[in-house]
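Worksheet: one structure, shown below.
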Amino acid sequence: MPKPSYAAGAPGSRIAAVAASRPERVVGNADLGNSLGVSPEWIERRVGIRERRFAGPCESIPRMAAHAASKALSSAGLTPDDVDLLILATCSMPSPMPGGGALTAAELGIPTVGAFDVNAACAGFCYGLGVADSMVRAGTSGCVLVVGAERMTDWVDPEDVNTAPIFADGAGAAVVRTAEHTGIHPVVWGGDGERAALVAIPDRWGRLTMRGQPVYRWATTELVAVGVEACRRAGLAPADLKGLVVHQANLRMIERMAEGLGAVNAAVARDVVESGNTSAASVPLALSRLIDLGEVRSGDPVLLLGFGAGLSYAGQVVDCP
């Protein structure tokens with residue numbers, strides 16, 4: 001059911017800065033195509049990806065997350081000591097304990113700060129942003145780090161032509177702070193657990209499996225309405241958007257969703273072409289690239305929309321930092 005926007009006079013929150021951490025190793029389609037028995041052109045034609053980044057042995061999830069978080073804090077004119085809470089969105093930690101959020105905080109030199117993980121797969125960063133917004137509005141935190149960080153290559157079968165060319169590694173972070181005016185608008189989130197098997201790791205020793213076509217149909221049909229509703233809760237029409245960052249799963253999917261939303265004046269993030277599908281890291285990585293390229297400016301309304309395994313989704317309109 002539709003829900004109202006935030007009440008007038010409510011305390012606000014905003015994204016103060018966004019930053020990215022990309023692994024050093026660049027893997028092109030030719031590198032993967034040779035081992036998979038397909039051409040580089042076939043990969044690009046199918047998913048729109050030309051290259052992606054694979055993390056090395058020293059590029060753990062907490063280390064990449066801390067690197068992105070440190071850059072975001074510096075951009076916001078802050079230090080780790082200013083952080084009240086750290087939320088790590090990830091679905092690819094090597095083990096369920098300890099949590100990656102606590103390890104990331106330790107990497108930042110703030111091991112006693114509140115920290116926890118959110119596992120909503122590719123929707124995780126937007127889920128974390130929704131939680132951070134609520135924490136700031138409730139007055140329990142004045143500065144929250146939201147980080148999406150993944151090593152998806154640890155869980156992908158390198159011989160599976162359906163997943164190996166798609167998934168990659170990286171981290172992106174956002175600093176959320178108090179604000180006089182709303183800079184993070186109400187989140188729209190939900191899911192469909194009855195279709196959770198479409199994207200899954202079946203057991204602790206398993207590899208990622210994905211039925212791409214049903215997921216593609218779900219995203220390009222049912223989730224357009226989620227984006228429209230997120231705009232409505234922000235008091236905007238899709239045509240008012242200056243930026244559109246949907247989960248970087250597949251270039252064809254991104255472009256079809258942009259067309260369905262009618263975001264005709266928005267710069268559309270296409271970071272997937274160079275970064276691949278980095279699950280929970282994809283939205284902050286793509287937003288960071290849009291900002292770095294100058295395609296969106298401070299204060300511009302940007303729709304963020306993450307979706308994936310669960311099946312889960314979450315999205316909100318934010319003011320560009």
Side-chain angles (χ1 to χ4, degrees), residues 27 29 31-33 35-40 42-55 61 89-94 118-127 148-170 190-224 226 246-257 270-283 285-286 305-315:
V27 180
N29 286 346
D31 301 315
L32 292 178
S35 61
L36 292 169
V38 297
S39 69
W42 182 87
I43 296 173
E44 184 172 354
R45 185 170 61 249
R46 181 169 175 258
V47 293
I49 299 170
R50 295 176 189 160
E51 62 183 36
R52 71 286 290 149
R53 302 292 184 101
F54 284 3
I61 288 172
T90 187
C91 64
S92 57
M93 284 290 290
V118 171
N119 184 348
C122 307
F125 178 81
C126 292
Y127 264 80
E150 304 280 20
R151 281 183 56 117
M152 297 304 296
T153 53
D154 290 344
W155 296 94
V156 170
D157 181 350
E159 298 180 355
D160 181 6
V161 73
N162 294 311
T163 57
I166 297 173
F167 290 94
D169 308 327
D192 183 355
E194 292 183 349
R195 289 190 276 186
L198 293 179
V199 186
I201 297 171
D203 56 61
R204 71 173 68 183
W205 298 281
R207 296 287 191 171
L208 175 66
T209 62
M210 181 175 67
R211 292 175 57 195
Q213 284 302 315
V215 175
Y216 181 92
R217 289 193 295 269
W218 171 70
T220 56
T221 55
E222 298 181 36
L223 296 191
V224 169
V226 174
V246 303
H247 169 48
Q248 303 291 291
N250 175 309
L251 185 59
R252 292 188 298 120
M253 183 185 295
I254 293 165
E255 292 178 342
R256 185 169 174 183
M257 292 182 73
R270 294 177 172 86
D271 187 52
V272 68
V273 175
E274 296 176 301
S275 298
N277 180 341
T278 56
S279 190
S282 82
V283 167
L285 283 173
L305 180 58
F307 53 86
L311 295 172
S312 59
Y313 62 81

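All residue numbers in this chain count up from 1 along the given sequence.
- Atom CD of E159 sits in a sparse spot, with 12 or fewer heavy atoms from other residues, nucleotides or ligands closer than 6.0 Å.
- A 6.0 Å sphere centred on CZ of R195 holds more than 12 heavy atoms belonging to other residues, nucleotides or ligands.
- Within the 4.5 Å cutoff, no side-chain heavy atoms of E222 are placed close to those of Y313.
- Of the possible donor and acceptor atoms, one in the side chain of S312 sits under 3.5 Å from a partner among the backbone N and O of A120.
- In this structure a side-chain-to-backbone donor-acceptor pair under 3.5 Å is present from R207 to V156.
- Judged purely by atom type and a 3.5 angstrom limit, R53 has no side-chain atom pairing as donor or acceptor with the backbone of A168.
- Side-chain contact between T163 and T209 is absent, with no heavy-atom pair separated by less than 4.5 Å.
- Here the straight-line distance linking atom CG of N250 with atom CD1 of I49 works out to 7.5 Å at 0.5 Å rounding.
- We find the CG-SG distance between L305 and C122 to be 11.5 Å, quoted to the nearest 0.5 Å.
- Looking at E150, H247, Q248 one by one, the single match for side-chain hydrogen bond (donor to acceptor under 3.5 Å, both in side chains) with S282 turns out to be H247.
- In terms of modelled atom types and a separation under 3.5 Å, the side chain of R50 and the main chain of N29 share no donor-acceptor contact.
- Within the 3.5 Å criterion, the main-chain N or O of A149 finds a donor-acceptor partner in the side chain of T90.
- Nearest heavy atoms, G148 versus A281: O-CB, 3.4 Å.
- Closest heavy-atom contact between S35 and D31: OG-O, 4.1 Å.
- Looking at D169 and T153, their side chains do bring a donor and an acceptor atom within 3.5 Å of each other.
- Residues I61 and S92 have side chains in contact (heavy-atom distance under 4.5 Å, counting atoms from C-beta outward).
- Here the CZ-CZ distance, from R151 to F167, works out to 16.0 Å after rounding to the nearest 0.5 Å.
- Using the six-membered ring where Trp is involved, F307 and W218 have ring planes that are perpendicular, over 60° apart on the 30 and 60° scheme.
- Residues W42 and L36 form no side-chain contact, since every pair of their non-hydrogen atoms from C-beta on lies 4.5 Å or further apart.
- Scanning all heavy atoms of the two residues, the minimum distance from G306 to A123 falls at O-CB, 3.6 Å.
- The one candidate from L251, L285, V283, I254 that meets the side-chain contact (heavy atoms from CB on, under 4.5 Å) condition with D271 is L285.
- When all heavy atoms of A164 and P158 are compared, the closest pair comes out as CB-O, 3.8 Å.
- Smallest separation of non-hydrogen atoms from S279 and A121: OG-C, 3.5 Å.
- Remark: M152 CE to R52 CZ distance equals 14.0 Å, nearest 0.5 Å.
- Taking 4.5 Å as the limit, every side-chain heavy atom of M253 sits out of range of all side-chain heavy atoms of V272.
- Counting all heavy atoms, side chain and backbone alike, R270 lies closest to E255 at NE-OE2, 3.2 Å.
- No side-chain heavy atom of V38 sits less than 4.5 Å from a side-chain heavy atom of R46.
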